[in-house]
Amino acid sequence: MKRFGVLTSGGDTPGMNAAIRAVLKAGLNKGYNVMGIYHGFAGLIEGRIKQLQYPDVHSIIDRGGTILRTARSEEFRSEEGQEKAVQVMQAYNMDGLIVIGGDGSFNGANALAKRGICTIGIPGTIDNDLGYTDFTIGFDTAVNNVMSEISKIRDTMRAHDRVGVVEVMGRNCGDIALWAGLAGPADIILLPESPLSWDEAAKQLTMNKLKGRLTSMVIIAEGAGHADDFVDFLKAHTDVEAKAVVLSYIQRGGDPSTSDRVLATRLGAKAVDLLESHQGGRAVGIRNNAIIDVSFEEALNTTKKFNEELYRLNDIMSKF
Ligand code: F6P
């Protein structure tokens, strides 16, 4: 009986469970034993491994988080840690490994691929910061979570003629802020990639107030600064009354959206296809709605492009 392992690593993301389910079912369909590795690479090194059966993935497609748990492992970054992981793979007779996570997890998966393990990566991160794929699992749900919070915050901001400053996740990539801002909508979007300075943003909010728009929404990605600091900045430089809201883990939890469930299912099945044909060292993804796979080198080295078009569009949408 052929056997492979599956693990989730890095920050959890809604849709990871849907991907685990797809991997197990596609694996069973091809006659594999699928081993669930708990707590990411740390769990692999420590042998926290159990064979997954169909009941383990029953009713998980609609659940956020990850049934396999997740972790960030310091030990795995070392040569010794990686060697230990290879030995555990061999001890459990696993011929392959599927890693669901973001760029840090792909670096780990690539290290194992270089040590001869047939390893496939599935992109799971709410940040949508991997340039080789149009979307990562969890991004759509995170944006939807942010949107529904924005609409609640807007109600109360409007009632008091205040400016709402909503901080969302995204250290290097502002996609959550950009998409949630455009759809939310937000009057101002502050991103790590964006050319808009806090000074310009403050001027715009003052102009809004002078034009009689008494309430505005600002969305700020954590990589562009903190909501509290921007509110203090507004207090110091304008007479607009602003309130900060940090959405934090609210955006990362909850039921995955339809898009994330479908994406996770397609990517999970594709990952198993690649394992079956021994095409290790690759990451699956989606481009123009087609499922693709690229080498880990390409996945990790493709620079994420800033979506200037969406950003400019929001300028027009928030002008009137
Ligand atoms: O990479 C996913 C992410 O949610 C980032 O957006 C965020 O900056 C980070 O993880 C938070 O990490 P932690 O779970 O360690 O607080």
Side-chain angles (χ1 to χ4, degrees), residues 7-19 38-43 63-77 99-110 121-150 165-181 184 186 189-194 219-230 244-257 260 263-264 267 283 285 299-300 302-304 306-307:
L7 62 81
T8 50
S9 163
D12 67 294
T13 168
M16 273 183 166
N17 280 330
Y38 291 77
H39 301 103
F41 291 111
R63 278 174 47 204
T66 159
I67 58 159
L68 293 178
R69 311 290 187 268
T70 185
R72 294 184 171 104
S73 167
E74 264 313 308
E75 190 184 357
F76 185 73
R77 286 178 214 272
V99 172
I100 308 168
D103 56 351
S105 312
F106 280 12
N107 271 314
N110 196 21
I122 297 181
T125 164
I126 61 166
D127 295 349
N128 206 34
D129 58 350
L130 291 165
Y132 79 96
T133 180
D134 291 345
F135 295 106
T136 56
I137 300 167
F139 169 67
D140 184 66
T141 308
V143 170
N144 280 298
N145 287 344
V146 172
M147 269 193 343
S148 71
E149 298 309 315
I150 283 183
V165 180
V166 180
E167 180 182 322
V168 299
M169 285 181 170
R171 286 163 296 189
N172 305 309
C173 171
D175 269 22
I176 297 176
L178 180 60
W179 286 65
I189 305 175
L190 295 168
L191 308 165
E193 308 94 330
S194 109
I219 185 157
I220 180 168
E222 61 182 332
H226 293 295
D228 281 323
D229 295 335
F230 184 61
V245 182
V246 181
L247 291 185
S248 186
Y249 298 108
I250 287 170
Q251 70 206 281
R252 213 165 75 182
D255 303 347
S257 67
D260 276 330
L263 179 62
L267 294 179
L300 289 163
T302 307
T303 312
K304 168 81 187 176
F306 175 50
N307 196 329

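Reckoned from all heavy atoms, side chains included, excluding hydrogens, waters and symmetry mates. When a ligand or atom number is given, it counts from 1 through the structure's own listing order. Source: prediction; values computed, not measured. Each residue takes its place number in the sequence, starting with 1.
Phe135 pairs with exactly one of Asp260, Asn128, Asp175 by the side chain to side chain contact (heavy atoms under 4.5 Å, CB included) rule, that one being Asn128. Thr8 pairs in a side chain to side chain donor-acceptor pair (under 3.5 Å) with only one of the listed residues (Thr66, Thr13, Thr70), which is Thr66.
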Output, or 'none' if empty, a list of ligand 1-protein atom pairs in which both atoms are N or O and the distance is under 3.5 Å, rounded to 0.1 Å.
from, atom 1, to, atom 2, distance (Å)
ligand 1, 1 (O), Asp127, OD2, 2.9
ligand 1, 1 (O), Arg171, NH2, 3.2
ligand 1, 4 (O), Arg252, NH1, 2.8
ligand 1, 6 (O), Asp127, OD1, 2.6
ligand 1, 6 (O), Asp127, OD2, 3.4
ligand 1, 8 (O), Arg171, NE, 3.2
ligand 1, 8 (O), Glu222, OE2, 2.5
ligand 1, 10 (O), Arg252, NH1, 3.1
ligand 1, 14 (O), Arg252, NH1, 3.0
ligand 1, 14 (O), Arg252, NH2, 2.8
ligand 1, 15 (O), Arg72, NH1, 2.6
ligand 1, 16 (O), Tyr249, OH, 2.3

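No donor-acceptor contact under 3.5 angstrom links the side chains of Asn144 and Ser257, judged on distance only.
In this structure, Thr136 contributes its side chain and Thr125 its backbone to a donor-acceptor pair below 3.5 Å. In terms of modelled atom types and a separation under 3.5 Å, the side chain of Asp12 and the main chain of Gly64 share no donor-acceptor contact.
With sequence neighbours excluded, the residues satisfying side-chain contact (heavy atoms from CB on, under 4.5 Å) with Arg171 are Asp127, Glu222.
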